[in-house]
*Asks:* 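Before I ask anything, let me first share the structure, which is written out below as structure tokens.
Here, residue 1 is the first one in the sequence, and each next residue gets the next number.
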Amino acid sequence: MKEPTPRSARPAVAGTGLTAVDRIYWDDYAAPTEALGGSCGNVLLSLAMLGHPVFPVVNLGDDDHGRFLFDEFEKAGCETRFVSRAHTGSSPVIVEIVDTANATHRFTSTCPQTFVRFPKWRSIDRDHVCQAADTLKSVSVFYADRVSESIVLAMEEAKRAGALVFFEPASADDEMFDRAVRCATVIKLSDETSGKSIADCNLNPESIVIRTHGALGLTVSNRSVRRHFPSSFAPRVVDTCGSGDMVTTGLLDLILKRWYREGSWKVDDVFDGVEVGQRLAALNCGFTGARGLFLAAGGSHVREMLDRGLDEASTSYVTTLGSCNRY
């Protein structure tokens with residue numbers, strides 16, 4: 001993949017944050033499946049599978065898990081020159097345990113078979129930001145779901161160059177959080193995580209704020225405008241993991257498509273995009289894992305469904321994809 005072209009041409013995406021191996025266990029704890037995961041990883045990989053130019057700026061270990069994640073980015077079509085594999089660390093692993101009978105899941109950082117704790121996520125550093133500086137100044141969208149000094153530097157670099165900065169924080173505990181918020185064009189908060197402790201008065205009044213409320217839908221606000229979007233109907237529910245990432249994917253996909261067609265984005269694109277994202281998330285619930293729909297249908301079929309507006313034909317197709325409780 002070449003360097004991103006000017007924003008009047010095809011818009012590109014860069015991002016950093018949680019990228020990990022998702023190790024998925026079912027009720028019997030036998031034969032776990034592994035996939036690329038983490039919110040940052042899920043969003044970037046999904047956008048690449050939908051045909052967008054994507055530049056992950058992430059820090060992995062030079063281990064089997066790191067090589068697996070690197071290969072997954074490459075197979076999806078991402079530009080991987082800013083994917084670092086350090087010899088001094090290991091790549092993170094997130095365990096998801098799925099209860100197929102009740103369509104619920106839980107996460108742990110400990111292997112349920114060996115009881116060994118998996119490595120934690122590690123941020124990029126200043127060297128990574130310097131290496132990616134030209135790309136950060138060229139992309140149209142920059143995504144981040146974690147905070148560190150170097151990540152905030154990357155956000156600020158992209159913001160100064162005119163990118164839409166999409167910030168989806170997992171918590172508000174980091175001392176750099178307030179500085180990151182000031183960079184955010186769009187900030188997405190979940191009632192189940194960071195949104196519980198962050199009031200609107202503590203956010204940049206110029207930012208578009210998306211608050212997700214689980215099964216109750218989500219709310220989008222921008223200055224005096226505030227709209228609630230009920231959840232979309234899910235034709236089949238196996239696993240709700242990754243629903244928030246699918247909302248973000250559908251939203252950014254719509255923004256990037258309109259940006260390419262019209263040369264810019266508008267606030268209304270966010271309002272339209274969250275509805276697309278909600279419908280995508282509802283279909284994804286019929287499969288195990290955060291990107292189960294993409295793995296079952298393939299990126300090209302999901303691209304076709306989004307281009308058709310995720311219509312009834314899309315729903316019918318998804319429900320005929322066969323076994324939905326394994327990759």
Side-chain angles (χ1 to χ4, degrees), residues 1-17 19 36-58 69-83 132 134-145 154-155 158 161-168 185-186 188 242 244-266 269-270 272-277 279-281 283-284 290-291 293-295 297-310 314:
M1 187 184 294
K2 298 179 180 179
E3 196 69 27
T5 49
R7 290 192 181 86
S8 58
R10 192 174 183 188
V13 183
T16 191
T19 300
L36 183 146
S39 287
C40 174
N42 286 329
V43 171
L44 296 184
L45 196 77
S46 298
L47 290 172
M49 292 180 72
L50 292 173
H52 300 288
V54 174
F55 293 75
V57 186
V58 297
L69 295 171
F70 185 91
D71 290 346
E72 289 296 287
F73 275 133
E74 278 206 323
K75 285 192 296 185
C78 295
E79 169 55 62
T80 54
R81 77 183 82 164
F82 306 123
V83 178
D134 289 342
T135 295
L136 295 174
K137 295 172 184 175
S138 303
V139 295
S140 297
V141 174
F142 184 81
Y143 174 94
D145 68 351
M155 293 171 72
L164 182 158
V165 176
F166 194 103
F167 184 36
E168 192 164 3
T185 315
V186 180
K188 181 167 170 270
D245 299 339
M246 288 298 104
V247 170
T248 301
T249 297
L251 163 60
L252 291 179
D253 176 67
L254 181 140
I255 287 176
L256 290 164
K257 286 194 300 182
R258 289 188 179 176
W259 200 325
Y260 181 48
R261 187 175 66 231
E262 301 169 12
S264 63
W265 72 280
K266 305 182 296 296
D269 295 339
V270 177
D272 294 341
V274 294
E275 290 190 286
V276 173
R279 293 198 294 273
L280 185 65
L283 294 180
N284 194 64
R291 293 180 298 101
L293 172 62
F294 280 80
L295 291 167
S300 60
H301 277 100
V302 180
R303 172 77 280 156
E304 292 174 11
M305 289 190 287
L306 284 163
D307 289 342
R308 290 201 309 265
L310 297 176
S314 301

*Asks:* Taking only residues two or more places apart in sequence, or in another chain, which ones meet R303 in a salt bridge (charged side-chain N to carboxylate O under 4.0 Å, His left out)?
*Replies:* D253, D307
*Asks:* Under 4.5 Å between any side-chain heavy atoms of F73 and V83, yes or no?
*Replies:* yes
*Asks:* Taking only residues two or more places apart in sequence or in another chain, which ones pass side-chain hydrogen bond (donor to acceptor under 3.5 Å, both in side chains) with S39?
*Replies:*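 Applying side-chain hydrogen bond (donor to acceptor under 3.5 Å, both in side chains) to S39 gives D245.
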*Asks:* With side-chain contact (heavy atoms from CB on, under 4.5 Å) as the test, pick out the partner of T16 among F82, F55, F142, Y143.
*Replies:*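 One option only clears the test, and that one is F142.
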*Asks:* Could you pull out the closest heavy-atom pair between V247 and A281, with the gap in Å?
*Replies:* CG2-CB, 4.0 Å
*Asks:* Heavy atoms only: give me the nearest G244-K188 pair and the separation to one decimal.
*Replies:* O-NZ, 3.0 Å
*Asks:* Mind listing the closest non-hydrogen atom pair of P53 and P11 along with its distance?
*Replies:* CD-O, 3.4 Å
*Asks:* Backbone N or O of A297 within a donor-acceptor pair of the H301 side chain at under 3.5 Å?
*Replies:*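 Yes, because the side chain of H301 sits within donor-acceptor range (under 3.5 Å) of the backbone of A297.
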*Asks:* Are the side chains of T249 and R291 in contact, using a 4.5 Å heavy-atom criterion?
*Replies:* no
*Asks:* I need the minimum non-hydrogen distance between V141 and A163, along with the two atoms involved.
*Replies:*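 In terms of heavy atoms, the two residues are closest at N-CB, 4.4 Å.
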*Asks:* Under the side-chain hydrogen bond (donor to acceptor under 3.5 Å, both in side chains) test, which residues partner S314, sequence neighbours left out?
*Replies:* R308, D311
*Asks:* Apply side-chain hydrogen bond (donor to acceptor under 3.5 Å, both in side chains) to D71 and list each qualifying residue two or more places apart in sequence or on a separate chain.
*Replies:*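 Result, side-chain hydrogen bond (donor to acceptor under 3.5 Å, both in side chains) vs D71: none returned.
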*Asks:* Counting C-beta onward and ignoring hydrogens, is there a side-chain heavy-atom pair between E79 and V54 closer than 4.5 Å?
*Replies:*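 Sidechains of V54 and E79: no contact.
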*Asks:* Please round to the nearest 0.5 Å and tell me the distance separating atom CG of L164 and atom OG1 of T185.
*Replies:* 4.5 Å
*Asks:* So, using salt bridge (charged side-chain N to carboxylate O under 4.0 Å, His left out) as the criterion, who are the partners of K266 when residues are at least two apart?
*Replies:* E262, D269
*Asks:* What are the two closest heavy atoms between L45 and A76, and how far apart are they?
*Replies:* CD1-CB, 3.3 Å
*Asks:* My understanding is that only one of L252, V139, L256 makes a side-chain contact (heavy atoms from CB on, under 4.5 Å) with V13; could you say which?
*Replies:* L256
*Asks:* With a 4.5 Å cut-off on side-chain heavy atoms, are M246 and F294 touching?
*Replies:* yes
*Asks:* Which value, rounded to the nearest 0.5 Å, describes the distance between L280 atom CG and S46 atom OG?
*Replies:*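 Reported value, rounded in 0.5 Å steps: 8.0 Å.
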*Asks:* Go through the structure and list residues passing side-chain hydrogen bond (donor to acceptor under 3.5 Å, both in side chains) with E275, not counting sequence neighbours.
*Replies:*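 Testing E275 for side-chain hydrogen bond (donor to acceptor under 3.5 Å, both in side chains), a comparison that skips the adjacent residues, returns none.
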*Asks:* Once rounded to the nearest 0.5 Å, what's the spacing between atom CD of E72 and atom SG of C78?
*Replies:*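 Answer for the CD-SG pair, E72 versus C78, is 10.0 Å.
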*Asks:* Of all heavy-atom pairs between A161 and L136, which one has the smallest distance, and what is that distance?
*Replies:*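 Nearest pair, atom of A161 first, then L136: CB-O, 4.3 Å.
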*Asks:* Taking the side chain as C-beta and beyond, is there a heavy-atom pair between D145 and F166 under 4.5 Å?
*Replies:*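 No, every pair of side-chain atoms sits at 4.5 Å or beyond.
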*Asks:* Got V270 and W265 here, is their nearest side-chain heavy-atom distance under 4.5 Å?
*Replies:*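 The answer is yes, as the side chains (C-beta and beyond) meet within the 4.5 Å cut-off.
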*Asks:* With rounding to the nearest 0.5 Å, note down the distance linking CG in L50 to CE in M305.
*Replies:*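 The CG atom of L50 sits 9.5 Å away from the CE atom of M305.
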